[in-house]
Amino acid sequence: MEPLKKDAKVNPSATANLLSKVFFWWLNPLFSIGYRRRLEEDDMYQVLPEDRSERLGEQLQAYWDREVAQAAKELRTPKLTKALIKCFWKPYAVLGIFTLIEEVIKVIQPVFLGKLIRYFENYNPEDTASLHEAFGYAAGISLASIGLALMHHLYFYHVQRAGMKIRVAMCHMIYRKALCLSSTAMGKTTTGQIVNLLSNDVNKFDEVTIFLHFLWVGPLQAAAVIGLLWDEIGPSCLAGMAVLVFLMPLQTLFGRLFSSFRGKTAAFTDSRIRTMNEVVSGIRIIKMYAWEKPFSALVNEVRRKEISKIMKSSYLRGLNMASFFVASKIILFITFTVYVMVGNTISASRVFVAVSLYGAVRLTVTLFFPSAIEKVSEAFISIRRIKNFLLLDEMVKHAPVLPSEEKKGRQRGDPGPHLLLGQDSGCPYPAECVLHSEARAAPGRHRTSGGGKVLLLSMVLGELPAEKGVVKVRGDLTYASQQPWVFPGTIRSNILFGKELQPQKYEKVLRACALTRDMELMPDGDLTVIGDRGATLSGGQKARVNLARAVYQDADIYLLDDPLSAVDAEVGRHLFEQCICGILRKKPRILVTHQLQYLKAADQILVLKEGHMVALGTYAWCDPSPRSLSPSQGHMVALGTYAELQRSGLDFTSLLQQEDEEEQQSVELRSRTLSQTSMRSQSSSLLSVKDGTDQLPVEQVQNIAEESRSEGKISLSLYVRFFRAGANILVLLFLILLNLFAQVSYILQDWWLAYWASQQERLDTLNVTQSTVAPPHPLGHNETQQLDLRLYLGVYGGLTMATIVFGFTRSLLFFNVLVSSAQALHNRMFQSILRTPVRFFDINPIGRILNRFSKDIGHLDSQLPWTFVDFIQVFLQILGVIAVATSVIPWILIPVLPLLIVFLFLRRYFLQTSRDIKRLESTTRSPVFSHLSSSLQGLWTIRAFKAERRFQESFDAHQDLHSEAWFLFLTTSRWFAVRLDGICSVFVSITAFGSLLLRNDLEAGAVGLALSYAVTLMGMFQWGVRQSAEVENMMTSVERVVEYTELESEAPWETQKRPPAEWPSQGLITFDRVSFSYSPDGPMVLKNMKAVFRSREKVGIVGRTGAGKSSMISALFRLAEPEGRIFVDGVLTSEIGLHDLRQKMSIIPQDPVLFTGTMRKNLDPFSQHSDEDLWNALEEFRQLVCLAHCSILRLRTLPWSSANREATARRSWHPRTDELIQKTIREKFKDCTVLTIAHRINTIIDSDRILVLDAGRIHEYAEPYILLQNQDSIFYGMVQQTGKAEAAALLQMAKQAYESRSQPNVANGVVKCNGDGSLIIFETAL
């Protein structure tokens, strides 16, 4: 495997001094680079040694192993929480000091604020001592602001880094465990569940570490605040704290309800994504069956249910945000209402000390403390899930390795590398089954479905334990899986698989595996990077790379699980002769195959049925009931040929009866139902003489289109389009007004309090003046003036109510509009996807398309609405703070303008780098999951090659690369936040000292209002700016979705010109000068084709890879628009709608497309047929779901059904199944025109005619027997390649069919038929 990064820069934070670490100065060079150009992976800093995946993972693994051992001694279940705490508690506990200092500063700052306001309340121009004291309080407020800025961001940086360490360590353990899972354990979990642990569950550690310390800091801070408030306003503070305490469980309740809704939403989302996955995977079949509308209805219904839950959870979130917005106003209203009702008078100092103290504690009590409880509970759930996974059974290896010195020279009589299966170690002879493979022997295990081949191989590999008996392996095993497995990387790294490059040996392996010519045609040769799951390689190329990997290993025993099933017959013959019986001729080989022609070359033939060995054939004899096989012979045992095996009386045909379908070990996420090798293989005529691969077709790597990525700022028009998707202009205008009213009422409530306090102060001064100046009252007391409490409380209550109403209405409407926009854009995108040509799905990986429907739509559904509302709310509050401060001290605008300019430059400077780091974080995260997914797919191969350690190191390298990006994401965010809070602390300092400088013109209430608002900027300002950046980042998801709503559209589904209702009645197809390309700028894969397929005719279509066979079907179905004309019963197909054309044709795909769910759903996805129809179809096609499905379609459309059959995937079926299918097609579709694309000649040898394609042109078109009379014909050559015996049998079959055929031979013409004929075109998995 290639190293992920060539050069990593040394991390400057490791050597930075204290000031540099506090202010993050060491990041300045990176920002300088990011401002000048786009950042790349090479610009990232090396991960710090203490953050490395291997180091962290092994540390935690050691604690976990100790905990497991201790639990075993104490007879209890191990606790992963214990291991985590023991491993990480010390450094995390120290971080609590940061939190404590920060919260102490938050409590002290309001005290300084109160003292400063008191100076204005008791203002005396002559009192210089008080002035100096006031300047001290102003300095205290300023220093507290600076201290908050530094402590807050240092704390958050370190706790997030602590969370990252726990996550990385846990990921290391999960991956390590995944590589060791036994087959039994794999049955208890799935790849999806393991990926979910790695993607979702471990992320809880990133979140829980942020809030955990607030569990103990929160109550302490609340107690301190209550004490200070009691000192200021007495017992009235308890009323406000009661509201605060009430809000805390209320918001916790909101959180739980939200989690409940999210759980229900997740189920619908999973269902939608699963359906979307099936839609995209089977898009060709959906288009060919014209199923777009039913599938659209299916997805829309699931989406409707999902969006209803999302809307409810969004409303809940809106209520939560609105309650947080108005909470401080309700608390203050209750507090001061109680305060004045019990006979107290308010003052500016008391009001704004209370405002500031409540503000300080509100965030902790209503947000951080509940979040800590919520995140801890979520973390415990994740820890339990991970613990259950870590306690699954592990595989125990049993295969002893052959010492290297024994490989070089063995003693006489030493059997060398071998494997043995038997009843027990003392009896090497079979009770149930014995398989003994000696050097130079090539046993062939004949493939009968359900015979037990997979189980036998898995026992030999050590994947499954034997229930009884013994499995002995002496020597190194290597394994080539039936399902070709490649991992992301270069072709060379896939073949070498950790071995050193030996050029001569490497070239020899490439020639033997028919890869030399492919390498020459690839853009970077064997250094070409193949995508996830080998997306850029064809199936045949993947199979040959898979085989080359096994061959290149210097192993003692080779297990080859049907490596020839995914290649053409001629390539298969080359691989068998040059590779299996050539380069590996001196090695023991176990070959699983269903291709009978290769069994003749086997030294031994083992036949399995239902887990029993029913025959063991050798050159000398064959015993259907084998008793023994001596393992002591050091030479090849000449025991019996395949022919003798047949003559022994063993009924081979009966052994091929399929009893049970083997469970697929792994299923390709993406099925491409039409062979795209037509596009990839235009070089089939290019031959390579020097490497002995003459006449072998070559396949070219298909280039995957690079994903478009917009750069620069998000345009204003995109925001307008996004909002217009969910609401009309009037609703949007009303929303804007609501936002303004909510913020104005929010500010006015505080302004009224300040005004009330100022009026009270004036009145108190007036009363004092009157009492000292006025003469004594005759009754002995003076009347003092009082404020109209009803008026002031009434206005205050009205403004509070207005704030609540506008706040809640604004939030709910905002969420409604944003979620409606998400719904509308999803529907548009889905319709656009359904209408785009299939070429789009060929050049865009399934993951890229599904990413739009999962991650991007997920952002639009939940994250973007919350972030957008939060940003608007905070942005308006920031404007309110500046407006209030300006109204009190207009001169403040002079220093504010330069601060604003600095901020705008800083934001632009930061975002330039931040976007790239966010992109790098995303792009470096994907390989972690790809590596896990790829490793789980190739688990047997990895373990057979003993490559677990290497893959673990590779996983750690992927994690370290992601940690580099994540580390930069954390630190750059803090770099920016420290500077923003620095600007805010300057603003607070200017406000504090400015108010003292203008002390003669200011009232205490105005100063209190301005200062208390200015202090709230700390934290809020940088949060608002970061939220604005987050909104911009998330708008890229909107941009990506909008991009997919504007895809190129194929021809309309219906047009004004409709074919007759009974069309097609004859089934006559005419190709008139048809040329075809999959894309406007692509090569022509069909060239000037002229052909007529007669009514009810059975035509076999053959040709080498890339000849254009599948492209004929694509042209007929108009998967891309062909040049020339195609007529079906005289109707020009290009003039009618796509649905009118495609609904009249049925197709069985090359790769069977099955949908998640019941057998009924797969047979009748849209419940359009009766139970009787389904049972009849199942009776007819008991073993083949696809044919049963086609039969149902035929029942629906008789007598005008049309089908097309491609036999590519039948190469992986055994002959009995072939025979069943051929019989089925002849009987059930005898009245139909049938086109068969075949890779096995015997499946179409009895066709009415054979059409031979080469390089997109028709080279031969006649009856099979007539073509076989011409020894120069391509078809004759293809038949001869099957071997002499097989060729003679095929000739005899063609002759019999020719002589028995009653249909007159009319060249390319129409045959008159009595009654209706049906046009059938199958593109099947035959």
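All values derive from a computational prediction rather than experimental measurement.
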Donor-acceptor list for residues 134-146 side chains, cut-off 3.5 Å, not counting sequence neighbours:
residue, atom, partner, partner atom, Å
Y137, OH, E133, OE2, 2.6
S142, OG, A138, O, 3.0
S142, OG, S989, OG, 2.9
S145, OG, Q109, NE2, 3.0
S145, OG, I141, O, 3.0

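With a 6.0 Å radius and a threshold of 12 heavy atoms from other residues, nucleotides or ligands, F993 has its CZ atom above the threshold.
At a threshold of 4.5 Å between non-hydrogen side-chain atoms, the residues V928 and F955 count as touching.
H213 places a side-chain N or O within donor-acceptor distance of the main-chain N or O of Y92, the cut-off being under 3.5 Å. N11 places no side-chain N or O within donor-acceptor distance of the main-chain N or O of V47, the cut-off being under 3.5 Å.
Between the side chains of T1036 and R915, no donor-acceptor pair of N or O atoms lies under 3.5 Å. A donor atom on one side chain and an acceptor atom on the other are found under 3.5 Å apart for W1023 and D870. Side-chain contact check for S954 and R950: no donor-acceptor pair (N or O, by modelled atom type) lies under 3.5 Å. For the residue pair H152 and D981, no side-chain donor N or O sits within less than 3.5 Å of a side-chain acceptor on the partner. E1030 and T867 form no side-chain donor-acceptor contact under 3.5 Å, judged by distance and modelled atom types alone.
R66 forms a cation-pi arrangement with Y63, by the criterion of a distance under 6.0 Å to the ring centre and an angle within 45° of the ring axis.
For G57 against M173, the heavy-atom pair with the smallest separation is O-CG, 4.1 Å. Between L920 and T924, the closest heavy-atom pair is O-OG1, 2.7 Å. The two residues V353 and P110 have their closest heavy-atom pair at CG2-O, 3.7 Å. A pairwise comparison of heavy atoms in F903 and L980 identifies CD1-CD2, 3.5 Å as the closest pair.
Between E964 and K9 no salt bridge is recorded (no basic side-chain N to carboxylate O distance below 4.0 Å). With respect to the salt-bridge test (charged N to carboxylate O, under 4.0 angstrom), the residues K918 and E1032 do not qualify.
Every salt bridge (Lys or Arg N to Asp or Glu O under 4.0 Å) that R52 has, sequence neighbours left out, goes to D960.
Here CE of M151 is found 9.5 Å from CG of L100. Values are rounded to the nearest 0.5 Å. A distance of 7.5 Å separates CD1 in I878 from SG in C984, rounded to the nearest 0.5 Å.
A tilted orientation is assigned to the rings of F31 and F910, their planes being inclined by 30° to 60°. Between Y909 and W975, the ring planes lie tilted relative to each other; the angle falls in the 30° to 60° range.
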Original post:
After noting the C-alpha distance and the side-chain angles of L970 and F156, does the key distance pass the side-chain contact (heavy atoms from CB on, under 4.5 Å) rule?
Top reply: CA-CA 9 Å; L970 295 184; F156 264 77; over 6 Å; no

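Note: Y175 and H931 meet the aromatic proximity criterion, with ring centroids under 6.0 Å apart.
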